[in-house]
Amino acid sequence: ERSRAAMVAGELRKLVETLTATAFKSPTDIERLVEAEAFELNTVLIMNRQAHAELLALLEKQHIVVAMEARMNWEVRQSAWRQLRHDRCVHEFHGDLSSKAFTNPRTRVELFERMAGEQEGRHALRLQCLEGLVSLKLPKSEAVELAVRGFTALAQEEDAAIGELHAGLEEIRLERAKAAEERREALRAELHQYGALESEPDLESHALAIDHVLAAPELERFFRTAGGLKPELKELMAELRDPLLVYDRKLAPTAKRVQVLICGLELPAVLESQGKSGMRSNLTDTLERLKNATKLDVPPILPVLLSQLGELLTVSALDPLLLLNLEEAYHDLAALVEDLPQAMLGGGGSSRAGSGNSLGGSADNLAIGISNTSGPGNSKGNS
């Protein structure tokens, strides 16, 4: 259409020039004549271009539909292919463990063959000793002593051979057990390679975010009042960088640690909505006093801390895991407060010191949960 429009436009220009040169009509009449021809041509070109655009739009829509169907079919086939690879890998694994390479390895067969040959040799010597005794018509002490020494030597060799057999079997068992573990790890690695449709999670970025929070100088004061929060975050950062985190035995404790760390993040909003935000600041101040108190100053603080914990437990809409940890801390602290008068009256300094030490651990553990909710908003969001 573009080439036809260019060609017709060129011919119309030539026509205008020819008619004007020959004075066929006045220039105005010639322009009207050419304008009618050009209008008809433009109408046809516009209709054709509109049809062309609609056709392209239909083709693109159909292309999207076909591409989407092809993608969905490819994903279905990919899933089936992965399942086939998974089943084949597991089948080969069970086949390997059920094969003679593990149930009756060649080294075990050779060990039994060698031990059987040695037993036959010792049995032949034992028969020779017996024949020497059978051939005696009258008892002779020398022959009998010789037979006894022969039987004794054979018995010692038999005991040594049995011990060697047991040691060899144990060595083979350990070697096959190690080979089975290596085969199992190879199976895990292969299944992990193509068994999951999702890509590997970016755990390193989370570890770097925790490292950035731990190294922030503006959070030093916060971590000093946060009990054992900083060591917990360091342990979590190390676990995120552990390549064995793909296994459940490593993942389950890490997930539990994260749940404990984040269970109190909604506490400020809950207290604020109920008009009880002062509870958190009061409890944080009490924990800070308890952390820095001497052994003689610890007992008067305990009833205050117990009362504040009891008030916090009355708050509704708390996270269940946070509530469970607070209840455990409350019961432990209540037991310490109950034993406190007896320790002060009859236990002397050593008993009081013991109470102080045990309470120090409880205060640190409680401070972790409270500090998880009392730090700066930005820092807790990052961690």
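- Evaluation of the side-chain hydrogen bond (donor to acceptor under 3.5 Å, both in side chains) rule for N73 yields no partner, not counting sequence neighbours.
- To the nearest 0.5 Å, atoms CD (E158) and CG (L165) are separated by 10.0 Å.
- Surrounding CD of E327 are more than 12 heavy atoms belonging to other residues, nucleotides or ligands, all under 6.0 Å away.
- Judged as a side-chain hydrogen bond (donor to acceptor under 3.5 Å, both in side chains), and not counting sequence neighbours, the contacts of D297 are T294.
- Residues I210 and L251 share a hydrophobic cluster, clusters being chains of Ile/Leu/Val/Met/Phe/Trp/Tyr side chains in contact below 4.5 Å.
- In this structure, the side chains of P268 and R280 come closer than 4.5 Å at one or more pairs of heavy atoms.
- Pairs engaging residues 254-265 under the salt bridge (charged side-chain N to carboxylate O under 4.0 Å, His left out) rule: E232-R257, E239-R257 [sequence neighbours left out].
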Report, one line per pair, each donor and acceptor closer than 3.5 Å where one atom sits in a side chain of residues 303-324; sequence neighbours left out.
from: Q308; atom 1: OE1; to: T286; atom 2: OG1; distance (Å): 2.7
from: Q308; atom 1: NE2; to: T286; atom 2: OG1; distance (Å): 3.0
from: T314; atom 1: OG1; to: E311; atom 2: O; distance (Å): 2.4
from: S316; atom 1: OG; to: Q274; atom 2: NE2; distance (Å): 3.1
from: D319; atom 1: OD1; to: L321; atom 2: N; distance (Å): 2.9
from: D319; atom 1: OD1; to: L322; atom 2: N; distance (Å): 3.4

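- Considering only residues two or more places apart in sequence or on other chains, E235 meets the side-chain hydrogen bond (donor to acceptor under 3.5 Å, both in side chains) condition with none of them.
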N/O donor to acceptor pairs below 3.5 angstrom from side-chain atoms of residues 43-63, sequence neighbours left out:
from: T43; atom 1: OG1; to: F39; atom 2: O; distance (Å): 2.8
from: N48; atom 1: ND2; to: E1; atom 2: OE1; distance (Å): 3.3
from: N48; atom 1: ND2; to: E1; atom 2: OE2; distance (Å): 2.9
from: N48; atom 1: ND2; to: V44; atom 2: O; distance (Å): 3.3

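- The distance from atom CG of L333 to atom CG of L326, rounded to the nearest 0.5 Å, is 11.5 Å.
- With sequence neighbours left out, the side-chain contact (heavy atoms from CB on, under 4.5 Å) criterion links H123 to R126, L127.
- Ionic pairing of R176 and E181 is not present here: no N-O contact between side-chain nitrogen and carboxylate oxygen is shorter than 4.0 angstrom.
- Using a distance-only test at 3.5 Å, with no hydrogens or angles considered, a donor-acceptor pair links the side chain of S273 to the main chain of V270.
- Distance alone, capped at 3.5 Å, is enough to place a donor-acceptor pair between the S205 side chain and the D202 backbone.
- Shown here for I172 and P105, the closest heavy-atom pair between the two residues is CG2-CG, 3.9 Å.
- Atom-to-atom distance recorded for D285:CG and R289:CZ is 8.5 Å, nearest 0.5 angstrom.
- Taking the side-chain hydrogen bond (donor to acceptor under 3.5 Å, both in side chains) definition, one finds that E92 meets it with R88, sequence neighbours left out.
- Looking at V213 and F223, their side chains come closer than 4.5 Å, going by heavy atoms from C-beta outward.
- The minimum heavy-atom distance linking L240 with A207 is given by the pair CD1-N, 3.9 Å.
- Tracing side-chain contacts under 4.5 Å through hydrophobic residues (I, L, V, M, F, W, Y), one never reaches L245 starting from L208; they form parts of separate clusters.
- A pairwise comparison of heavy atoms in G150 and C129 identifies CA-SG, 4.3 Å as the closest pair.
- For S277, the side-chain contact (heavy atoms from CB on, under 4.5 Å) criterion is met by E272, not counting sequence neighbours.
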Which is it for E69 and M72 under the side-chain contact (heavy atoms from CB on, under 4.5 Å) test, yes or no, and what are the steps along the way? CA-CA 5 Å; E69 291 179 353; M72 294 174 63; 5.7 Å; no

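- Closest heavy-atom contact between T103 and K100: OG1-CA, 3.3 Å.
- The environment of NZ in K234 is sparse: at most 12 heavy-atom neighbours from other residues, nucleotides or ligands sit within 6.0 Å.
- The number of heavy atoms from other shown groups lying within 6.0 Å of CD (E328) is above 12.
- The closest side-chain heavy-atom distance from L214 to L219 is not below 4.5 Å.
- Residues N104 and F112 form no side-chain contact, since every pair of their non-hydrogen atoms from C-beta on lies 4.5 Å or further apart.
- Atom CD of E190 and atom NE2 of H86 lie 10.5 Å apart (nearest 0.5 Å).
- The distance from atom CG of L154 to atom CG of D159, rounded to the nearest 0.5 Å, is 11.0 Å.
- Listed by first and then second residue, the salt bridge (charged side-chain N to carboxylate O under 4.0 Å, His left out) pairs that reach into residues 106-117 are R106-E110, R114-E118, R114-E164, sequence neighbours excluded.
- At distances below 3.5 Å, not a single donor-acceptor pair connects side-chain atoms of S79 with backbone N or O atoms of E75.
- Residues V76 and W81 are not in side-chain contact: their nearest non-hydrogen atoms beyond the backbone lie 4.5 Å or more apart.
- Closest non-hydrogen pair, A161 versus R122, comes out as CB-NH2, 3.5 Å.
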If you look only at distance, which donor and acceptor atoms sit under 3.5 Å apart when one is on a side chain in residues 5-15 and the other is two or more places apart or in another chain?
none

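- In this structure, the side chains of R173 and E170 come closer than 4.5 Å at one or more pairs of heavy atoms.
- Partners of R188 by side-chain contact (heavy atoms from CB on, under 4.5 Å), not counting sequence neighbours, listed by chain and number: R184, E185, Y247, R249.
- The distance from atom CG of L233 to atom CG of D211, rounded to the nearest 0.5 Å, is 11.0 Å.
- By the rule that hydrophobic residues join a cluster once side-chain heavy atoms approach within less than 4.5 Å of another member, L169 and F102 end up as members of separate clusters.
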